[in-house]
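Numbers here are sequence positions counted from 1. Since this is a predicted model, take the numbers as computed values, not measurements. First listed ligand is number 1; within each ligand, the first listed atom is number 1.
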Amino acid sequence: MSRLSNATLADLPQGVGRPDYDRDAMRIGVVHFGPGAFHRAHQAPVYDALNAVDARWGIIGVSLNSRGVADALNPQDGLYALALLDAEPETRVIGSIARVLTADQRDAILDAVAAPDTRIVSATVTEKGYCLSGDGSLDMDHPAVAHDLAGDGAPRSFVAWLVAGLAERRRRGAGGLTIMSCDNLSDNGRKLGAATVAFARARDKDLADWIEREVRFPNAMVDSITPATDDAVRASVDVTLGVTDAWPIQRERFTQWVVEDDFAPGERPDLAAAGVTLTDDVRGYEHAKLRLLNGAHSTLAYLGVALGHETVADAMDDARLARFVEQLMREDIAPSLNPPAALDLNGYIDAILRRFGNRAIAHRLIQIAADGSQKLPYRILDTVRDARAAGRPVDRLAVPIAAWLRFLERDHPGLADPMADRLRGRPWRENLAVEAVFGDLSQDAVFVDALARAHAALGDPAGFA
Ligand code: CS2
């Protein structure tokens with residue numbers, strides 16, 4: 001079978017969507033760090049739609065940690081298939097990524113960030129890629145950050161790459177731009193902005209001042225369930241396309257992107273025309289999504305794995321689990337939210353529950369269970385803090401945390417976490433003392449009591465309800 005590429009694009013079967021614009025005329029307006037599955041499922045299709053009417057929004061992807069995406073996509077001229085898996089499946093080939101660079105191409109990366117046509121630098125580097133400490137500021141002692149602060153040589157941390165690119169941009173007089181975090185952190189743009197400025201300030205005060213003046217870091221909420229590519233989707237995409245795609249992407253049909261309307265002056269993509277919501281206040285959307293959807297996801301992951309379930313849909317078929325996450329969302333998480341007027345929380349929860357039940361995708365619980373130390377502070381522990389401050393009970397909220405602590409204690413073979421060496425196999429009370437995860441909550445007697453009870457009950461994996 002031949003390979004997906006510009007040359008084979010015209011031969012794709014009817015019914016397969018494809019870029020209906022001249023890809024050779026596409027210019028680069030976006031440099032994206034972390035062109036993994038989520039970027040290719042979520043932001044790249046938005047720019048693909050924009051390029052059909054405005055050729056300025058091609059993307060250069062930058063993979064800092066591996067060559068996999070570059071090796072898959074570059075021989076395909078950046079093309080890949082996106083399978084929308086739902087009641088009515090659909091496959092589209094996405095054309096907005098022009099090429100993918102890797103960390104060994106330092107000059108090309110800095111050149112891409114510094115180019116005057118580049119108006120957006122965006123990121124999906126996952127929570128751990130930000131190297132933040134428990135209080136949300138840049139962790140200057142993080143090994144990658146400390147290495148980059150000390151020295152020359154190629155950057156290791158994402159913020160150091162950003163700052164190097166911005167320094168080059170300033171040197172060339174190309175003016176400011178917009179840096180968009182597309183990761184599941186609350187206040188993602190603010191945090192990235194503060195981390196970038198803090199890193200720059202430690203090296204070059206004038207550059208830090210320039211970044212503060214010229215660069216915008218809007219907050220954003222991103223949402224689309226994107227299970228890792230598996231053999232089933234690879235096989236079905238190859239059959240659908242009639243050519244081989246080295247790395248197709250699957251996601252649910254639903255997608256949502258809410259961005260704070262805070263862009264650097266000058267040219268910008270008309271994101272609203274492609275379905276993105278621009279607003280002055282992302283926080284209400286962001287908290288609702290992180291705490292309800294991602295909080296429930298992590299809950300299903302740790303409880304579901306203990307009960308022997310494999311996917312989110314399997315876990316939702318377990319009536320006790322489905323009831324538990326629904327109660328958690330409606331009774332414990334929703335009261336902590338301050339949703340924008342346009343967001344009907346009950347309808348939002350109904351939709352999340354429906355999306356979790358989507359049997360057309362196999363979203364593995366163990367994928368969601370990864371990086372709990374980075375995710376749970378935003379997904380559950382912030383809600384616990386709000387509940388404590390408001391005097392609401394935290395018993396149910398303690399259950400997913402206790403399930404995670406048991407997952408660590410058991411040293412589950414699927415455990416993947418940047419802090420794994422520190423956390424695995426340790427008794428739960430020791431892990432509770434990890435400041436970067438729990439902060440001051442380890443001193444909160446009411447929460448610790450609730451956790452102790454939940455932890456004891458989970459001695460029987462079904463003891464959560
Ligand atoms: C999931 C998210 O893997 C995870 O931790 O909770 O990737 C989730 O599917 C997305 O945030 C949905 O938008």
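- Close approach to His363 involves these atoms of ligand 1, each under 4.0 Å from a residue heavy atom: 9 (O).
- Residue-environment remark: CD (Glu435) stays at or below the threshold of 12 foreign heavy atoms within 6.0 Å.
- Less than 4.0 angstrom separates some heavy atom of Lys375 from each of these atoms of ligand 1: 3 (O), 4 (C), 5 (O).
- Checked against a 3.5 angstrom limit, the closest N/O atoms of Thr226 and ligand 1 fall outside it.
- Considering only non-hydrogen protein atoms, atom 11 (O) of ligand 1 sits nearest to Lys289 NZ, 2.6 Å.
- Cation-pi geometry between Arg40 and Trp247 is satisfied (NZ or CZ under 6.0 Å from the ring centre, within 45° of the ring normal).
- Residue Arg379 has at least one heavy-atom neighbour below 4.0 Å for each of these atoms of ligand 1: 1 (C), 4 (C), 5 (O), 6 (O).
- Of all the heavy atoms of Asn184, the ones lying under 4.0 Å from any atom of ligand 1 belong exclusively to the side chain.
- Using modelled atom types, no side-chain atom of Arg388 and backbone atom of Val394 make a donor-acceptor pair closer than 3.5 Å.
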Which donor-acceptor pairs under 3.5 Å do the side chains of residues 458-465 make with protein atoms, sequence neighbours left out?
| from | atom 1 | to | atom 2 | distance (Å) |
| --- | --- | --- | --- | --- |
| Asp460 | OD1 | Ala462 | N | 3.0 |

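- The shortest heavy-atom contact between Leu300 and Ala315 is CD2-CB, 4.1 Å.
- Under 4.0 angstrom from ligand 1, there are no non-hydrogen atoms of Arg364.
- Looking only at heavy atoms of the protein, atom 2 (C) of ligand 1 is closest to Asn294 ND2, 3.5 Å.
- Under a 4.0 angstrom heavy-atom cut-off, His42 registers as lying outside contact with ligand 1.
- For ligand 1, the atoms sitting less than 4.0 Å from at least one non-hydrogen atom of Ser224 are 12 (C), 13 (O), numbered in the order shown with element in parentheses.
- For ligand 1, the atoms closer than 4.0 angstrom to any heavy atom of His297 are 1 (C), 6 (O), 8 (C), 9 (O).
- Using a 4.5 Å heavy-atom threshold, the side chains of Phe254 and Asp223 count as touching.
- Judged by a 6.0 Å distance limit and a 45° cone about the ring axis, Arg216 is not positioned over the six-membered ring of Phe263.
- Taking every heavy atom of Asp223 and a limit of under 4.0 angstrom, the matching atoms of ligand 1 come to 12 (C), 13 (O).
- Counting only heavy atoms from C-beta outward, the side chains of Ile401 and Phe438 approach each other to under 4.5 Å.
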